[in-house]
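All remarks here apply to the structure that follows.
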Amino acid sequence: MTPADLSRCVVRAVRCAVADGELAAGAAAPERVVVERTRPGGVGDYATPVAFQVAKAAGCPPRDVAGVLARRLGAEPGIERVEVTGAGFLNFVLPAPSAPAVIADAVMRDLVIRDVCRGAGRALTADESRSGPGERRLRERVVRQSILRLLHVQGGVSECALPAVPATAPPVALPAAAATPAAPVGDPPIAAAAVPATAAAAATPAAPVGDPPIAAAAAPPNVPPTAPAAVPHTAAAAVPPTAPPAAPPAARPADLPVAPVARPADLPVAPVARRDGDVVARYGADAARWAMLAVPARETPSFSDVLLVQGEASEVFRVRYAHARSRALLRNAAQLGFRPEPGDVDDAPALLRLLADHPLVLEAAAHHRAPERLTRHLVELADALLDFQYRVLPQGDEKPSAAHRARLALAEAAGTVLAGGLTLLGMDAPERL
């Protein structure tokens with residue numbers, strides 16, 4: 001049970017309670033239910049204030065609404081216990097995340113990100129062709145592009161969901177970033193739980209189409225050139241040659257939460273300070289993007305020489321380095337004669353929790369138009385992976401065991417999630433660093 005699954009369960013419980021007469025007929029289920037980590041004073045893993053949203057229309061106290069929902073949600077598979085605290089907060093106790101389930105979700109979600117980001121890139125290209133890319137200020141373009149990708153991944157959204165960027169800004173262009181190096185011949189393809197055909201594709205993140213010029217990464221040499229790219233069952237199917245020109249809109253992935261598509265009243269974006277000058281030329285495209293997206297859009301981004309540091313002081317370096325380390329572990333394991341196989345992992349609770357939280361982070365970042373939430377999550381995930389990496393490979397005279405293969409699969413999944421997150425931010429994820 002992921003946080004995103006939990007959010008959908010709550011919405012379904014409200015609807016069923018209304019249909020069965022336990023709540024007043026006027027109590028409509030909210031379009032979006034906020035599920036977040038339990039705060040001090042709460043119980044369990046996650047909490048939601050949904051009872052307060054429903055209580056007014058239901059005509060009863062929030063605690064009574066929470067009691068009705070708690071009885072229903074307590075019977076849901078994947079939820080151990082539901083408790084009501086305070087004036088009506090629902091608190092959920094979930095089983096410890098399962099490594100195989102987290103790995104399978106990470107791989108499938110990465111495929112959806114890769115597929116949907118291509119569509120988002122096409123939308124951005126069409127949008128910029130109307131007003132000209134040089135007419136937008138640099139940070140407005142970067143923030144807008146990242147938000148559009150996040151919204152597309154949450155189920156697709158029209159370009160009109162974001163306000164137009166003023167066309168009076170001075171022309172600023174992003175130079176091309178270095179192409180992502182292709183995986184060397186002989187690197188093991190990425191193994192995935194229940195998705196073997198698509199596993200190798202998930203290893204290398206696709207360069208976002210439609211961004212300022214960034215060279216796309218070459219396909220890994222170990223993928224047969226004739227093999228068609230696998231698309232998950234939730235992605236929109238290609239239109240057959242005999243289909244009419246007006247094709248229906250792409251289907252929303254069923255396993256992802258829906259982000260609201262209402263047009264926001266305003267999206268204020270603070271520009272790069274004049275004192276910082278040409279930040280792309282000084283710090284590089286990826287580091288400049290990270291600095292522009294790591295703070296809320298309304299705040300002026302901060303640039304310093306830390307962005308150039310190839311060490312733990314730099315957050316962007318740690319995230320990209322953690323991805324590269326996950327790929328290096330796969331190469332080293334291949335040299336030792338074993339491959340990743342999903343299985344239970346008992347010594348990585350922090351890493352498992354962060355991977356399980358990733359869908360909720362993506363949903364919240366899209367809903368709040370806040371890419372900085374994703375950057376913070378990627379930093380935490382990278383730090384957890386860098387701490388976990390030393391337990392992945394056999395030490396000394398140890399022989400590779402099922403535990404090593406399971407840990408390798410978990411490290412691989414964490415690297416895949418990091419690659420997908422960097423793709424949503426418009427950055428590349430190097431195989432070697």
Side-chain angles (χ1 to χ4, degrees), residues 1-24 26-99 101-102 105-106 109 154 255-260 346 348-368 370 373-374 376-377 380-381 384:
M1 176 74 68
T2 66
D5 296 332
L6 192 58
S7 178
R8 286 191 291 271
C9 284
V10 173
V11 173
R12 185 167 61 248
V14 174
R15 291 173 180 167
C16 292
V18 172
D20 294 345
E22 293 187 78
L23 294 176
E31 292 184 1
R32 177 178 181 270
V33 171
V34 176
V35 177
E36 57 186 4
R37 277 286 172 185
T38 303
R39 297 180 182 180
V43 178
D45 302 291
Y46 296 97
T48 178
V50 66
F52 296 89
Q53 297 174 262
V54 179
K56 185 175 181 180
C60 57
R63 192 171 181 88
D64 293 346
V65 175
V68 171
L69 298 179
R71 287 193 296 272
R72 288 182 169 272
L73 292 167
E76 288 282 345
I79 300 178
E80 285 189 353
R81 190 172 74 257
V82 182
E83 295 188 18
V84 180
T85 59
F89 292 94
L90 284 171
N91 294 258
F92 304 93
V93 178
L94 305 181
S98 162
V102 166
D105 180 77
R109 193 169 299 276
Q154 295 308 311
D255 59 340
L256 291 175
V258 180
D346 300 326
L351 185 57
L352 284 169
R353 180 181 63 82
L354 289 166
L355 289 173
D357 284 351
H358 187 63
L360 184 63
V361 172
L362 292 180
E363 195 270 344
H367 177 76
H368 294 285
R373 293 179 178 237
L374 177 57
R376 290 196 297 267
H377 181 72
E380 293 180 15
L381 180 59

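Model, not experiment: these values are computed from the prediction.
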Val43 and Arg81: side chain to side chain contact (heavy atoms under 4.5 Å, CB included), yes or no, with the steps?
CA-CA 10 Å; Val43 178; Arg81 190 172 74 257; 4.2 Å; yes

Are the side chain of Arg373 and the backbone of Leu362 linked by a donor-acceptor contact shorter than 3.5 Å?
no

Taking all non-hydrogen atoms of both residues, which atom of Arg72 and which atom of Ala13 are closest, and how far apart?
CD-O, 3.8 Å

Euclidean distance, Asp45 CG relative to Leu94 CG, rounded to 0.5 Å
5.0 Å

Please assess Val361 against Leu354 for the test side chain to side chain contact (heavy atoms under 4.5 Å, CB included), listing each intermediate value before the final yes or no.
CA-CA 10 Å; Val361 172; Leu354 289 166; over 6 Å; no

So is Arg37 actually on top of Tyr46's ring, under 6.0 Å and inside 45° of the axis?
yes

Check: Leu90 main-chain N/O paired with Thr48 side-chain donor or acceptor under 3.5 Å
no

Measuring from Leu6:CG to Leu360:CG, what's the distance to the nearest 0.5 Å?
9.0 Å

Minimum heavy-atom distance between Ala99 and Leu352, given as atom pair plus value:
CA-CD2, 3.7 Å

Distance col, row Cys9:SG vs Leu69:CG, nearest 0.5 angstrom, shows 12.0 Å

When rounded to the nearest 0.5 angstrom, what distance separates CG in Leu381 from CZ in Arg353?
10.5 Å

Search all heavy atoms of Val93 against all heavy atoms of Gly44 and return the closest pair with its distance.
CG2-CA, 3.6 Å

Any idea which heavy atoms bring Thr38 and Ala47 closest together, and the distance?
OG1-N, 3.9 Å

How far apart are the closest heavy atoms of Pro95 and Glu80, and which atoms are they?
CA-OE2, 3.6 Å

Do Ser7 and Glu363 make a side-chain contact, defined as non-hydrogen atoms from C-beta onward lying under 4.5 Å apart?
no

Scanning both residues in full, the closest heavy-atom pair of Pro62 with Ala87 reads CB-O, 3.6 Å

Just by distance, do the side chain of His358 and the backbone of His377 share a donor-acceptor pair under 3.5 Å?
no

Hey, what do you get for CZ (Arg71) to CD (Glu22), rounding to the nearest 0.5 Å?
6.0 Å

